[in-house]
There are 2 protein chains.
Amino acid sequence: MEFSSFLTSLGTSFVIFVILMLLFAWLSAKPGNNVIYYPNRILKGLDSFEGGSRIRNPCTWIKEALSSSEHDVIAMSGIDTAVYFVFLSTVLGILVLSGVILLPALLPVAATDDGVKSVSHTTSNHTFNDLDKLSMGNIRDKSPRLWAFLIATYWVSFVTYYLLWKAYKHVSWMRADALMSPEVKAEQFAVIVRDLPPVPEGQSRKEHINSYFKAIYPEAYYRSMVVTNNKEVNKIWEELEGFKKKLARAEAIYAESKTTGKPEGTRPTNKIGFLGLIGKKVDSIDYYSEKINELIPKLESEQKVTLREKQQDAALVFFNNRVTAASASQSLHAQMVDTWTICEAAEPRQLIWSNLTIKFFKRQLRQYAVYVIVALMVLFYMIPIGIISAFTTLANLQKILPFIKPIVKMKAIKTVLEAYLPQLALIIFLALLPKFLLFLSKLEGIPTESHAVRAASGKYYYFTVLNVFIGVTLGGTLFSNFKTIQKQPDTIVSILASSLPGNATFFLTYVALKFFVGYGLELSRIVPLIIYHLKKKYLCKTEAELKAAWFPGDLGYGTRVPGDMLIVTIVLCYSIIAPLIIPFGVIYFGLGWLILRNQALKVYVPSYESYGKMWPHMFIRLLASLILYQVTMFGYFGVKRFYYTPLIVPLPILSLIFGFVCSKKFYPSFHHTALEVASHDLKEVPNLEQIFRSFIPLSLRSEKIEEDQFEDALSQVSKTGSSV
Amino acid sequence: MEFSSFLTSLGTSFVIFVILMLLFAWLSAKPGNNVIYYPNRILKGLDSFEGGSRIRNPCTWIKEALSSSEHDVIAMSGIDTAVYFVFLSTVLGILVLSGVILLPALLPVAATDDGVKSVSHTTSNHTFNDLDKLSMGNIRDKSPRLWAFLIATYWVSFVTYYLLWKAYKHVSWMRADALMSPEVKAEQFAVIVRDLPPVPEGQSRKEHINSYFKAIYPEAYYRSMVVTNNKEVNKIWEELEGFKKKLARAEAIYAESKTTGKPEGTRPTNKIGFLGLIGKKVDSIDYYSEKINELIPKLESEQKVTLREKQQDAALVFFNNRVTAASASQSLHAQMVDTWTICEAAEPRQLIWSNLTIKFFKRQLRQYAVYVIVALMVLFYMIPIGIISAFTTLANLQKILPFIKPIVKMKAIKTVLEAYLPQLALIIFLALLPKFLLFLSKLEGIPTESHAVRAASGKYYYFTVLNVFIGVTLGGTLFSNFKTIQKQPDTIVSILASSLPGNATFFLTYVALKFFVGYGLELSRIVPLIIYHLKKKYLCKTEAELKAAWFPGDLGYGTRVPGDMLIVTIVLCYSIIAPLIIPFGVIYFGLGWLILRNQALKVYVPSYESYGKMWPHMFIRLLASLILYQVTMFGYFGVKRFYYTPLIVPLPILSLIFGFVCSKKFYPSFHHTALEVASHDLKEVPNLEQIFRSFIPLSLRSEKIEEDQFEDALSQVSKTGSSV
């Protein structure tokens, strides 16, 4: 890529960014858009604007984001979001501290040498540009100037160790503070028990569980909730909820029609056939009311059947204090480990009820199967897509779908389709990938939503780094050097290293595009805004529908973190070779921090809280990026034929030791809850009944079902205690 | 080795065995030898003989051993010994079930082919003997007869899986039964707390510990015992005990001298200089009494100083019930994992007090350092020994120790010395190896004696299998084929496989020697008997000295298991190639089971109880031997150029899966105590004071030290509870 085209691309991105910023300033000031720009504040019952004034400075949000404390973030968006900001600011710190030393030190050293010129005289296909003059590629082979770059490699590594250590400690205490909070949190009183053994003769499931836990925790055991197979009851409940929504909508339409001149209004109608397109025409309000009245008793009887007959071999067990629950989730209960398996409970909203009943070894098996599938997908994902692309040529499509023939015959459309069809499969694949990975992670049998998101995020990370970074870098190089690699597999590092400088400008552009366009769209929320206004105008009739149209969802760090991680990897790997990339990294993470701070405080609504369990994953992947950087530098110094290249070797070893020490010292308290943390006092005596009820799935909740009907599956010790 | 020399060696071993058995029958019937042949029964206060009759059938011990139940073994020698018998009987079962099928099936198949003859015609250095005709070596290459051997390979593997699974389950319940016993066992109420953080200002160590555990376990916490640096006090205490023994001895000598005609007796004297050889002559009784009187107040003041000022950052913490102690040892207590580290306590007698205070990361560091040292030793132990041997030639010794010159000049002695000196270093090294490995294991910072023995046993296993089995087998072959291996490292398996048949008779002889001579010596206890009688006659004066002379020690499975494991590995690896080895294996383990059963019931006194924690180590090593066998067979079928050799590949994979499933299902309950086990009722209310006192080291015990002096280090909640 030429230097001028790089500047053009940078300029274009910047212009787009400025336009998006202006749009944001203009749109966010309109009160009608409040639900798009301040949904989190609205849902928390706060004023949209901090001050409450209607006219505001378009730059106020920057001031607000900068002045917000970590405590504000935790209060508005939870620990998970705060941890994400620790991640952002740690990376920002690493890049700033590196840049402060590297830019003034390395750029002059590189610029005053003339390695590029001498090379470009000999090899004709090397495109010489001004950027290359400022990179390590401009240093002659074996030059003593390489010492500066070697020391810089160490500097970046030590800065990373220092800031990562500080961050891990900080996050660890943040998690501890949240877990020791005096607020009563339902999940801190419960544990998940899986792999229940068969019930002994003459005992019910709940009696079995009660007697088992009563024996071990005579004082702390409260009661248990047997997990049931809710497939049927969920289906009926969803159907019922669907009809309720439709009824509300029909009533809203009817009410609307009344106001417009015709006081009696028009009763809305619908067809009852496939998708409401065919079949008999009926009066909507009557029809839905009737359906609801039919379904309510059906739901009630199904609830009873579910609670009584669809009990599975898993349960939620409740304790009357946090320490016992925390300790129980960490202790081995059964002599045979594939029975009475216990793990920490999570918030009721994030429990994946259907995964709780998967058996011990089946979970293991599923996990390994998923790992193998993902590994194959990461390595060979181009193959199935290539096959699909090959089949979806225009000629083939015409055969399969003859009705598209007339469209294809048009010259202009044909050209466009021919150009884009091959990429279509890839684009669809990449768009669906995160969802597919989440689906795979849930297949593993993971019991909670947040854990599944973490697992999917890890898989996405491997995919991104391997395919985008290593794929682009090696790309052609690898194929042309394939024979060399076969002979000497150890050359792969030096090939990776030598092909890095050629791609520097590509990645500079990539990073710039990411932050200018990506964060511009993020802040301005143009797409959700347009969708919301369209829906509001043409679709939404009821309040609930309107709320669903603007509900922002969560920050989605599952896909956000791998994206950021890719940038970290790129910037770290280039930090010494082309130090000019560091400011771009700084802008990416600085701008990201600022804009996402605004979004976290005002827009996104967290859908679960895992108390920062994502951090160890972020840490280990940052460290992996650091090691990749160190190995790459080892290769590149080798390419430069620097005699002291082996001095790099201690760095990856040091990184491994650092990772080992951190994992030993900090990780276990992320995996479990430390008892000293759980033993802090609560501000009030916990309402155990309420805690218990919060775990009952929506589809099983009913005011009509009496306590004694619940008793079949939901045991209570206070009543059965005497019979045990 | 020729067939005749094999028979000669076998015959000689058998004759030695018969002589030793006769000796045993004769010697064990003499009442004066009871303390050698029945010490365990005597120490337990039982009759030496089962029936109590003085004249007994020389074969009664066999009947008694065979009729003894596992329960008897547990009662007389503990769970650890019972687990060792499960190991022996499992291996015996594997070999019997294999032999029953393999011997009648494979021997005829091998004997009726003529592969050896055809080979021996072409290669001259192959020694043809009758044994080879009964081995797989006699099958021609590519012969369809190899199918029988392939199926046999599968049979042995499946028999092993089945019996190992049964054994693991059995041992697991045996451990559970012992841990849920209604007897009060002190170690089940205590945990070890290490890495205590610095004491906050204005608090004592014990207040700090009390307040920490009181907060987490308000009801179950009893009190704590701070670990002290006992180096000084131990030294004084040992000195004192030494003088007490010497005084008793002097008094015994004096009393003895009185009876012999001279009623006033001779007061014994001794010299007070170096080793009692030089210096002033003093009256022993007066001298030792004076020394004891000097040391008692010194010990008392040192005890006070130790308790008050030598407190370390480790402690023992006591709970008033087993469940809490078991659960506490498994739970994470501190947010920072390198503080308040908690693990299960062990019996007071096996705690390594000085290892308790080693810090978290120092333990990790020591562990890895020891691993590296052991790995280097296993791989390169011949190098230092070679160097030492080279320096200890006669010529060198004469230079260093001139006074041996006259001895060396004698021709006969010179010849012997020259022949044996090179081996001397090796022999000394091999004799000291188990002790050295135990020393290394303790250096790791392991807190209990039994754990250190397990760690040392593992190291010894690697040493034995690598050096004896693989070393002997490959031996010369490896060096002569070194160039081939360098080119194709994957040929190492086929080289190992092809060199196996040539060593079959060597190992047959080795196994036979092991069981005939080894177990003969074991049962007859000739060496301890002679030592005891010599000591009794010439050295022992007091009862205590006499008891020390016959005290048998424990079974020593730390070194026994690796030895047995070597036999298992040899027999398994040869089971298909030369099925004739199976009966030898059966005799080894059958005879071993019988003789050691006798020794366990009557002789050895266990020195600790770890509730079968050795089993997972035995299991995993048995499995490793099985995998080595499967890989070897893969190689040997390859050497035989059998087309269906790849059919062996699933076996090692199956073994790995089997090991994974067993470890997942059974292992955790060996690492920790399952809570359902600990929650069983006790037969009496535990005397917590007594449990606490049993953990006080001998050197710190004193009737004179008042309760309030202990209070400095040994906190009690009941008294300090109000001030916390």
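Heavy-atom basis, side chains included; hydrogens, waters and symmetry copies ignored. Note on naming: letters A, B, ... go to the chains in the order of the sequence lines (proteins, then strands), and numbering restarts at 1 for each one.
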Evaluate the criterion side-chain contact (heavy atoms from CB on, under 4.5 Å) for residue pair Met336(A) and Ser172(B); output intermediate values, then yes/no. CA-CA 8 Å; Met336(A) 293 299 148; Ser172(B) 182; 3.5 Å; yes
Residue, of Val661(B), Val323(B), Thr324(B), Thr673(B), that accumulates the most heavy atom pairs under 4.5 Å with chain A: Val661(B)
Can you tell me if Gln335(A) uses its side chain to pair, donor with acceptor, with the backbone of Ser669(B) under 3.5 Å? no
Quick check for you: to the nearest 0.5 Å, what is the distance between Ile657(A) atom CD1 and Tyr368(B) atom OH? 10.5 Å
Spatial distance of atom CD (Gln330(A)) from atom NE2 (His333(B)) [nearest 0.5 Å]: 8.5 Å
Arg322(A) side, atom CZ; Ile216(B) side, atom CD1 - distance, nearest 0.5 Å: 12.5 Å
Using non-hydrogen atoms only, which part of Tyr212(A) is less than 4.5 Å away from chain B: side chain, backbone, both, or neither? side chain
Counting heavy atoms not belonging to Phe361(A), are there more than 12 under 6.0 Å from its CZ? yes
For chain A, which residues from residues 674-683 of chain B lie under 4.5 Å away (heavy-atom distances)? Ala674(B), Leu675(B), Glu676(B), Val677(B), Ser679(B)
So CD of Gln364(B) and NZ of Lys664(A): to nearest 0.5 Å the spacing works out to 4.0 Å
Under 4.5 Å from a heavy atom of chain B, the part of Phe660(A) involved: side chain
Name the region of Tyr168(A), side chain, backbone, both or neither, that has any atom closer than 4.5 Å to a heavy atom of chain B. neither
Is the count of non-hydrogen atoms from other residues, nucleotides or ligands lying under 6.0 Å from Lys359(A) atom NZ greater than 12? yes
